[in-house]
Amino acid sequence: MSKIIFSMSQTKQLEENPNVASVSEPSLQYTADFKIKAVRENMERKDPKQIFHGV
């Protein structure tokens, strides 16, 4: 479990991301479609930075 606490501005920014299903101070959940896409791209040996920032 991550110890990151999101600030109000980070929370608002994350809420605008179409790949984010929900966000609160202590947690972030991605959409099911993004999770599937991320796993597929990981299996294709893409770097996590490419997966999470190459949206």
Side-chain angles (χ1 to χ4, degrees):
M1 191 124 177
S2 177
K3 295 183 182 189
I4 296 173
I5 301 295
F6 297 110
S7 69
M8 285 276 252
S9 63
Q10 289 172 318
T11 302
K12 287 180 183 181
Q13 185 179 12
L14 287 165
E15 286 174 342
E16 294 174 8
N17 186 320
N19 296 311
V20 173
S22 66
V23 63
S24 64
E25 278 187 2
S27 69
L28 173 66
Q29 291 188 329
Y30 293 102
T31 62
D33 288 341
F34 179 74
K35 290 177 187 180
I36 292 167
K37 178 182 176 231
V39 169
R40 284 186 181 143
E41 290 185 4
N42 181 261
M43 291 173 70
E44 294 171 2
R45 303 221 182 249
K46 282 193 178 180
D47 185 74
K49 287 184 181 179
Q50 291 175 306
I51 296 170
F52 288 91
H53 296 287
V55 176

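- In this structure, CG on Asn42 lies 11.0 Å from CD on Gln50, to the nearest 0.5 angstrom.
- Contact detail for Val20 and Val23: the closest heavy-atom pair is CG1-CB, 4.3 Å.
- In the hydrophobic clustering of this structure, Ile4 does not group with Met8; members are Ile, Leu, Val, Met, Phe, Trp, Tyr whose side-chain heavy atoms approach within less than 4.5 Å, directly or through other members.
- Nearest heavy-atom pair across Pro18 and Thr31 is O-CG2, 3.7 Å.
- Counting non-hydrogen atoms of other residues, nucleotides and ligands closer than 6.0 Å to CD of Gln10 gives a total above 12.
- The line from OG of Ser27 to CZ of Phe6 is 8.0 Å long, rounded to the nearest 0.5 Å.
- Rounding to the nearest 0.5 Å places CZ of Phe52 at 9.5 Å from CD of Glu41.
- In the hydrophobic clustering of this structure, Ile36 does not group with Met43; members are Ile, Leu, Val, Met, Phe, Trp, Tyr whose side-chain heavy atoms approach within less than 4.5 Å, directly or through other members.
- Here the CZ-CG distance, from Arg45 to Asp47, works out to 12.5 Å after rounding to the nearest 0.5 Å.
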